[in-house]
Amino acid sequence: MRALILPRKALSAYDKRLAALEGKAYEYASGRIGAFIEKFPGAKPEQLREFAIEVVDDAVGAFGDGASSLAADMYEGMAELSGVKVKPAVIDTSDVHSHIESEVRYQLSKFLSGDPQGFTHACGSKASDQVARRANQTMRLNAKRDGLRYARVPMGGETCSFCAMLASRGFDYRSAKTAGEGNHYHKNCRCKVIPGFDGMEVEGYDEDEWYNRWRAFEEIDNAPGLSVKARQSAKELLSSMPMTDEGEIDRAVAAALARAEADTYNERINRAWQKFRKEKTPENYDATMGAALRKIGERSGAKFSAEYMAQPDGDELWLASKIAANDARFLYATREHKNPDAYIDGVLTEFKTVQSARKLASRLKDAYEKFESYPGVDRVCAVSLLRYEGDTSLLKEVAERFIADGTLDNVYFIGPE
């Protein structure tokens, strides 16, 4: 039987419209409460509390009804797509006043401790969360009535290991709660817990592929020496790359780990540079930038050093770590005096990172100009493919032209694999 596909566009449109309602609820509640605090600075805490409860109630009522109707329409559309006849979708009409009252009372402590903005934000967030809850509860009521199971479908660019694990099980959850509904396990989490009718699939969502991603995420988590930010960026990259077979998995993981390594180097060198800027002396440069470079060099087994004031970036450090057998010494350049980037094992080398074949020619021309002050030496350019995802044969054709006409002597391409 042919699979019935729920278009990703439809799910994304639902998510976008729901997010807009959540945002409006937040703006309404936080805006009115903030205005009250500003207009009545002498108001008693209990007056602010009662006003805030009323405002959050109003926000949930005004925008929650729209969220419930939106979810009901989405549910009926999914049923129609699947060719399943169901009763008209019911909408959530539950009274959450007592919950809102309890939460506002609790959050009032922020105001009493001198954080009115924290109180305002907490009330706005509660209104937003309750609007989302109305939509989720509508889906839940109808799915329970019709005996459906759930899946957690990742949305957006950011996904964590736990969401990937939940997503890897497909439409296997007996309840929305076990699929993690209402829980945001990572920053900017927009993962959707949705019920599935028999034979229905979600475009772009394959539980087997998400199983592969989950295992790849674990590999990122277990890799030593990577920063938290770099790990998250690596997972974002893996979330967008195909991972249906071993070859794709190996290429995706290699690219993600390589970029995470370069990003980590970049963070380390930037922190060292900020410390150096406080006291720009050769001694402090060695104690900050020099120490960071030596630490990074240890990872590749080579000796890393630099001229005073040199500031290599993370991609250059990653590239040097892959090609330096013994040592890499980074050079300092000014606008008036251009230098190639480094001596790699005694060979003067310029580094370039490309993202498209179209820009390689201009990069190689720039590399040639860096050697003008060094007549008679081999003009060597090492090109990083760390950020490149296209056809490498196109790059080779461009590089061969520069070598054939004598502009450069050697061009090396170094990729994540």
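Excluded from the calculations below are hydrogen atoms, water molecules and symmetry mates; all remaining heavy atoms, backbone and side chain alike, are included.
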Task: Flag, side chain of Ser128 to backbone of Ser125, donor-acceptor distance under 3.5 Å - done: no
TODO: Search all heavy atoms of Cys191 against all heavy atoms of Pro154 and return the closest pair with its distance.
DONE: SG-CA, 3.7 Å
Task: Pairs meeting criterion ring-ring contact (aromatic ring centres under 6.0 Å, His included) with involvement of residues 43-98, two or more places apart - done: Phe36-Phe51, Tyr75-Phe197
TODO: Taking Asp341 for its side chain and Glu350 for its backbone only, find out whether a donor-acceptor pair lies under 3.5 Å.
DONE: no
Open item on the list: Please determine whether side-chain hydrogen bond (donor to acceptor under 3.5 Å, both in side chains) holds for the pair Asp263 and Ser233, giving the CA-CA distance in whole Å, both sets of side-chain angles, and the decisive distance to 0.1 Å.
Closed with: CA-CA 9 Å; Asp263 290 343; Ser233 295; 4.5 Å; no
Open item on the list: Tell me whether the count of non-hydrogen atoms from other residues, nucleotides or ligands lying under 6.0 Å of OH in Tyr308 goes above 12.
Closed with: yes
Open item on the list: Any carboxylate oxygen within less than 4.0 angstrom of a Lys/Arg side-chain nitrogen, looking at Glu246 and Arg251?
Closed with: no
TODO: Might you confirm whether atom CD of Gln274 has over 12 heavy atoms from other residues, nucleotides or ligands at distances under 6.0 Å?
DONE: yes
Open item on the list: Using modelled atom types and a 3.5 Å cut-off, is there a donor and acceptor pairing between side-chain atoms of Arg231 and backbone atoms of Ile220?
Closed with: yes
TODO: Could you tell me whether Tyr368 and Phe402 have their ring centroids closer than 6.0 angstrom?
DONE: no
Task: Which atom of Leu226 lies closest to which atom of Thr264, heavy atoms considered - done: CA-OG1, 3.5 Å
Open item on the list: For Tyr26, give me all partners under ring pair (Phe, Tyr, Trp, His ring centres under 6.0 Å), at least two apart in sequence or on another chain.
Closed with: His121
Task: Test log, rule salt bridge (charged side-chain N to carboxylate O under 4.0 Å, His left out), inputs Glu209 and Arg213 - done: CA-CA 6 Å; Glu209 194 167 12; Arg213 284 201 181 93; 3.5 Å; yes
Open item on the list: If you count every heavy atom of other residues, nucleotides or ligands that lies below 6.0 Å from Arg145 atom CZ, does the total exceed 12?
Closed with: yes
Open item on the list: Could you check whether Tyr205 and Glu201, counting side-chain N and O atoms only, form a donor-acceptor pair closer than 3.5 Å?
Closed with: no
TODO: Please check if any side-chain donor atom of Glu207 sits under 3.5 Å from a side-chain acceptor atom of Ser168, or the reverse.
DONE: no
TODO: For the pair Asp92 (side chain) and Ser68 (backbone), establish whether a donor and an acceptor sit closer than 3.5 Å, ignoring hydrogens and angles.
DONE: no
TODO: State the CD-OG distance between Gln107 and Ser102, to the nearest 0.5 angstrom.
DONE: 10.0 Å
TODO: Could you verify whether a donor N or O on one side chain and an acceptor N or O on the other, from Ser305 and Arg329, lie under 3.5 Å apart?
DONE: no
Task: Interatomic distance, Leu11 atom CG to Glu203 atom CD [nearest 0.5 angstrom] - done: 10.0 Å
Task: Point-to-point distance, once rounded to the nearest 0.5 Å, from CZ of Arg134 to CG of Leu18 - done: 12.0 Å
Task: Over all atoms of both residues, closest heavy-atom pair of Leu238 and Ala252 - done: CD2-O, 3.5 Å
Task: Shortest non-hydrogen contact between Ala357 and Leu395, atoms and distance - done: CA-CD2, 3.6 Å
Task: Step-by-step ring pair (Phe, Tyr, Trp, His ring centres under 6.0 Å) determination, Phe330 to Tyr343 - done: CA-CA 7 Å; Phe330 298 92; Tyr343 279 104; over 10 Å; no
Task: Note, Lys44 side chain near Arg49 side chain (heavy atom, < 4.5 Å) - done: no
Open item on the list: To the nearest 0.5 Å, what is the distance between CG on Leu360 and CG on Leu394?
Closed with: 10.0 Å
Task: Student check: side-chain heavy atoms of Leu6 and Ile194 closer than 4.5 Å - done: yes
Open item on the list: Please check: side-chain N/O of Thr288 versus main-chain N/O of Asn284, any donor-acceptor pairing under 3.5 Å?
Closed with: yes
Task: Asp366 side-chain N/O to Ser362 backbone N/O, donor-acceptor pair under 3.5 Å - done: no
Open item on the list: Do Ile37 and Phe111 have side chains that approach each other closer than 4.5 Å (heavy atoms only, starting at C-beta)?
Closed with: yes
TODO: Go through the steps to decide whether Glu101 and Arg105 satisfy the test salt bridge (charged side-chain N to carboxylate O under 4.0 Å, His left out), and finish with yes or no.
DONE: CA-CA 6 Å; Glu101 181 179 8; Arg105 286 178 180 273; 3.3 Å; yes
Task: Side chains of Phe276 and Met309 in contact at under 4.5 Å (non-hydrogen atoms) - done: yes
Open item on the list: Hydrogens and angles aside, do Ser94 and Arg133 bring a side-chain donor and acceptor to less than 3.5 Å of each other?
Closed with: yes
Open item on the list: Quick check against the 3.5 Å criterion: does Ser113 have a side-chain atom that pairs as donor or acceptor with the backbone of Lys110?
Closed with: yes
Open item on the list: With rounding to the nearest 0.5 angstrom, report the CG to CZ distance, Leu293 to Arg268.
Closed with: 11.5 Å
Open item on the list: Quick one about Lys235 and Gln232 (side-chain donor to acceptor, distance below 3.5 Å, no hydrogens or angles considered), yes or no?
Closed with: no
Task: Pairwise side-chain contact, Phe119 with Leu48, heavy-atom cut-off 4.5 Å (strictly under) - done: yes
- [ ] Consider only side-chain N and O atoms of Lys352 and Ser384, and report whether a donor and an acceptor are under 3.5 Å apart.
- [x] no
Open item on the list: Within this structure, what is the NE2-CG distance for the pair His99 and Asp129, rounded to the nearest 0.5 Å?
Closed with: 8.0 Å
TODO: Enumerate the residue pairs fulfilling salt bridge (Lys or Arg N to Asp or Glu O under 4.0 Å) with a member in residues 12-23, sequence neighbours excluded, ordered by first and then second residue.
DONE: Asp15-Arg190, Asp15-Lys192, Glu22-Arg190
Open item on the list: Is any side-chain heavy atom of Asp245 closer than 4.5 Å to one of Glu248?
Closed with: yes
Task: Side-chain donor or acceptor of Arg259 paired with backbone N/O of Leu386 under 3.5 Å - done: yes
Open item on the list: Quick test of your reading of the model: are Lys24 and Glu27 salt-bridged, counting only N-O distances below 4.0 Å?
Closed with: no
Open item on the list: Show the nearest heavy-atom pair for residues Leu385 and Gly415, with the distance to one decimal.
Closed with: CB-CA, 3.8 Å
- [ ] Locate the shortest heavy-atom distance separating Arg149 from Asp172; write the atom from each residue and the value.
- [x] NH1-O, 3.5 Å
Open item on the list: Looking at Glu267 and Lys229, is there a salt bridge between them, counting it only when a charged N and a carboxylate O are closer than 4.0 Å?
Closed with: no
- [ ] Would you check if the side chain of Arg387 reaches a backbone N or O of Thr353 as a donor-acceptor pair within less than 3.5 Å?
- [x] no
Task: Donor-acceptor pair, side chain of Asn266 and main chain of Asp313, under 3.5 angstrom - done: no
Task: Phe217/Trp214 aromatic ring centres below 6.0 Å - done: no
TODO: Indicate whether the side chain of Ser175 and that of Thr178 have a donor and an acceptor atom separated by less than 3.5 Å.
DONE: yes
